[in-house]
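By convention in this document, chain letters (A, B, ...) are assigned in the order of the sequence lines, proteins followed by strands, and residues within each chain are numbered from 1.
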Amino acid sequence: YVITASYFWSNRDGSRERWDRGGGGGRGSMRGHSSDYDHDGGADGGQRDRPPPHLRGREIGLWYARYGAVRRKQADRRSVWVMYGRKQRSSQISEVGKHIVNTKNSSKLYHYILTVYLSMLLCLFSYSQAKDEPPDMWDEDEQEEDKEKLRIPDKDAEFLLQEIVRDRSLDDYLKSDLESKKSDMKYKEMLELVELINSNRVLVVSGETGCGKTTQVTQFILDDYINRGVGSTCRIVCTQPRRISAISVAERVAAERAESVGNGNSCGYQIRLQSRLPRRQGSVLYCTTGIILQWLRSDPLLSSISHLVLDEIHERNLQSDVLLIIVKDLLHMRDDLKVILMSATLNAEKFSQYFDNCPMIHIPGLTFPVKEFFLEDVVEMTRYQPQNRDRRSSWKRGFWQGHNSRPEKEVKEAEYREMWPCFARTLEGRYSHTTIEALEKLDNDDKIDLELIMALIHHIVREDEEGAILVFLPGWDNISSLNDLLMAQPMFRSDRFVIFPLHSLMPTVNQTQVFKKPPPGVRKIIIATNIAETSITIDDVVYVIDGGKIKETNFDTHNNISTMAAEWVSLANAKQRKGRAGRVRPGKCYHLYNNLRASLLDDYQLPEIMRTPLEELCLQIKILKLGSIARFLEKALDPPTEKAVNLSIKNLTDLNALDHAENLTALGIHLARLPVEPHIGKLILFGALLGCLDPVLTIAASLSFKDPFFIPLGKEKMADMKRKVLSRNSKSDHLTIVNAFQGWEDAKQRGARYEREYCWDNFLSANTLQMLHNMKGQFAEHLMHAGFVSSKDPKDPKSNVNSDNDKLIKAVIVAGLYPKVAMIRPCHSKKRVKVYTQADGKVCIHPKSVNSEETEFNYTWLIYHLKMRTTSIFLYDCTEVSPFSLLFFGGDITIQRDEDQETIAVDQWIVFRSPARIAHLVKSLKKELDSLLEEKIRNPAPVDWQNRQSKDCAVITAIIDLITTQENYFPRSILQRSYGEKGSYIRALKLFY
DNA sequence: ATTAAAACA
């Protein structure tokens, strides 16, 4: 059963506030007079639900009357057709009530459509559009408001100083208005939604962003409980995919309820390391999905929760998919739990089917209409002629496509090629010949045509009204090129334009400037990645240029490697991008792909659970005691492949986190408890055991979150240089971060001014550094609870006796990240060294790494964390490590004679030449260390560094001494010989001494 | 054969 309701509450409160302040452009209340009266803008534009401030007395009443009529007309018009289901199939609803509508699977499924009109809700709930901006922008806005007031003192004075005389007609109007709201049928119908929730255990609520489901549904439930006098039994938790949205939604809801967030009020939020909790009973909590997954560890039934609302599940994040599996099982154990799933319209049905065809209710969004154009329209209107390109790009595409794309994509591509001639014929007559020719040319190029985007921007600037332009591109490269192209033209350099590149690595993501509406006559152009699809919302965008591509990571199980490549967007992406143009007024969206391509786009991107390594998830499944990993994951909405699951289990077994019966080992339990992936967890444990906690936690935090460096556009080389300086010749990206972090701590201690200066000078993000700092605290707390350290302070001296020992820190990185090892082979003919891994053969050090141009290494081995295939296989971060660190903290040691050489090898492939006598000594010392570490893992206790007699201390200090001083005993390791074998290039390297 | 998508405990 599908139940469809239409709500007509004002969803544009946010835009109203903006217009009030805007003054500059469009139909602002400050400047509009008559225009506020004859109000098509009342529905589509400026003022939404309050009369303009310059109206007086009776005029206000008249305004309300008129405005109400316009709203109702709008509501009627919109309610006639409710878009429903995939591919814009629509179901007609002729009247309020229940109708049976036939949908796709007509033989199986009939849908009840219940329409609920709630147009008057706008009076009861002041709702405004959820925004995802960082909170700091609000401060800016308040300043704006102040300025605005100063600028137009007479208007304010007029409002303030007017004489108040009793106006009986207004009195009557106000009274009847209030009563009609109270008794309105439509308000009662709102209660039907609540009843639907009360009478079903699972409900799918579908609606586009901007329909208000996130802020309203939770409040409906809560208020219903309170009204029925059972408010104390209601405890609603609503999950959000992003930290910022959890906070901003909680703030909005609190504001609607005239309360502050948290403080034991009715609404609060909780995200990692930050919370403002509401009262325990009769409240709504917004939290990130990960929070719930953590709760499950202490309360597998979530027994105190009455309603679980999962928002934005259509995004198909790893965590929300996992929570869905758990919730589905949880319903068998908790018959009093209510689950509300909130999704975009496009695939809401799928969630309903997953929960045994649970009821669905649809809430139409009320964003402004956005006119869509496709490539053929864009070419026609710009009369664009593509340049002939050299053929190298298509050769390269062909070369990598087989490697980087999923097979389904290739099938789609073939289908596209096959249908192209037919499609081209349908264009004839409707489009000019030059356009069709241009389309054919464009079609043979896989790259996004930035010249075309330039032409389109020119066209918009020339022909269209004012309003910001947002361009979606897949990555840095494109953003940078388009920025250069624009900046090459004097027109765009003039003060009539402001251009913001937007990318997670660029400092612009933190600038409030980006969100501000520019002064009149100035056009804002934003060139962004998909960061502007969901994470960053810029309200005044009116024109969206959708480049049509998006970078997607994937996991290639065949070659066992993560990949990233630009792919065609999904329909969901395209829809989301389009929606970005309709936030303040009707907008336009230009898709840079043709209609044939559009018809072949996937509905959605592949769910994350099918694209990512699953090790961490497997540990979570085990610690939550959810049974067999494979059987659990089979229950997913879209299960990962068996191969991917088995690979993860194998990796965990190799890591000694799981035994062969798939049970958590002692190590596995510790790793599962730490909120990081298993390799990072191991890194953290070793940092604690070897007395270099603080720097190692910095590395762990950075690897599991992100590194704190910004890269300003156009200053890439400068940023590289700054990192190189901070590396202090450590030949390590990881120690570079430690140095940067310590520098920040020192600067911060000297004062806020110095902190700012330090971050600015070194291209560092203070926000990220602060987050890393907080995460370190969380890790240390875990370690203390587990018993590995005696203090929850990462900087406690007892945990940091060896923290100044860089060689030891590098060895700890080996202990954590092994077996992610690469071999360096100096290349004398060329500038750069060559790097190999066992499984991939030749790889490259990513140019961002401080080691990318390094030629003088002390050792021939690197340890890395992130390896990904893009145009080549890159190691994104790496640290040079010594043979002893590999011998002691790497895998199994074998000693053998190999072609008249006595050798010692780690896991058979990291081979060093060494006399058998020394090799056996190393092996037995390693054995001591292993048993000591195993004992420590079984019975965690801080190492007693004071008592040199204790066995712990003796073994560990011996090894630390060896690692620290080995150069004094052994000359530099030298590559002696290497030979290739099937699949793996290099097998042997020998330590010469 | 020189590069960077997003997000979370």
Closest approach to the side chain of [X], judged atom by atom: which nucleotide of [options] is it?
X         : options                : value
Ile291(A) : dA4(B), dA6(B), dA9(B) : dA9(B)
Pro675(A) : dC8(B), dA4(B), dA9(B) : dA9(B)
Glu853(A) : dA6(B), dT2(B), dA4(B) : dT2(B)
Ile531(A) : dA4(B), dA9(B), dA6(B) : dA6(B)
Thr870(A) : dA7(B), dA4(B), dC8(B) : dA4(B)
Arg242(A) : dA9(B), dC8(B), dA4(B) : dC8(B)
Ser504(A) : dA4(B), dT2(B), dA6(B) : dA6(B)
Glu716(A) : dA4(B), dC8(B), dA6(B) : dA4(B)
Leu505(A) : dA4(B), dA9(B), dA6(B) : dA4(B)
Gln294(A) : dA6(B), dT3(B), dA9(B) : dA9(B)

Hey, could you give me the [atom1]/[atom2] distance between [X] and [Y], rounded to the nearest 0.5 Å?
X         : Y         : atom1 : atom2 : result
Phe874(A) : Lys867(A) : CZ    : NZ    : 13.5 Å
Ile621(A) : Ile623(A) : CD1   : CD1   : 12.5 Å
Thr529(A) : Trp476(A) : OG1   : CH2   : 11.0 Å
Ser704(A) : Ile680(A) : OG    : CD1   : 6.0 Å

Please determine whether a side-chain nitrogen or oxygen atom of [X] lies at a distance below 4.0 Å from atom OP1 or OP2 of [N].
X         : N      : value
Tyr876(A) : dA4(B) : yes
Arg673(A) : dA9(B) : no
Thr534(A) : dA6(B) : no

Is [X] touching bases, backbone alone, or none of the nucleic acid, heavy atoms closer than 4.0 Å?
X         : value
Thr289(A) : nothing
Arg316(A) : nothing
Glu608(A) : base
Leu674(A) : nothing
Gln620(A) : base
Lys549(A) : nothing

TODO: Specify the separation, in whole Å, of atom CG of Asp311(A) and atom P of dA7(B).
DONE: 17 Å
Task: Nucleotide dA7(B), atom C1' - distance to CE of Met771(A) in whole Å - done: 11 Å
Task: N/O donor-acceptor pair under 3.5 Å between Ser702(A) side chain and Thr698(A) backbone - done: no
TODO: Could you say whether Arg272(A) or Gln605(A) is positioned toward the 5' end of DNA chain B, judged by the nucleotide with the nearest heavy atom to each?
DONE: Gln605(A)
Open item on the list: Both Glu552(A) and Gln778(A) contact DNA chain B. Which one's nearest nucleotide lies toward the 5' end?
Closed with: Glu552(A)
TODO: Hey, can you tell me if Phe741(A) and His773(A) have their rings parallel, tilted or perpendicular (30° and 60° cut-offs)?
DONE: parallel
Open item on the list: Quick check: any donor-acceptor pair below 3.5 Å linking the side-chain of Glu616(A) to the base of dA9(B)?
Closed with: yes
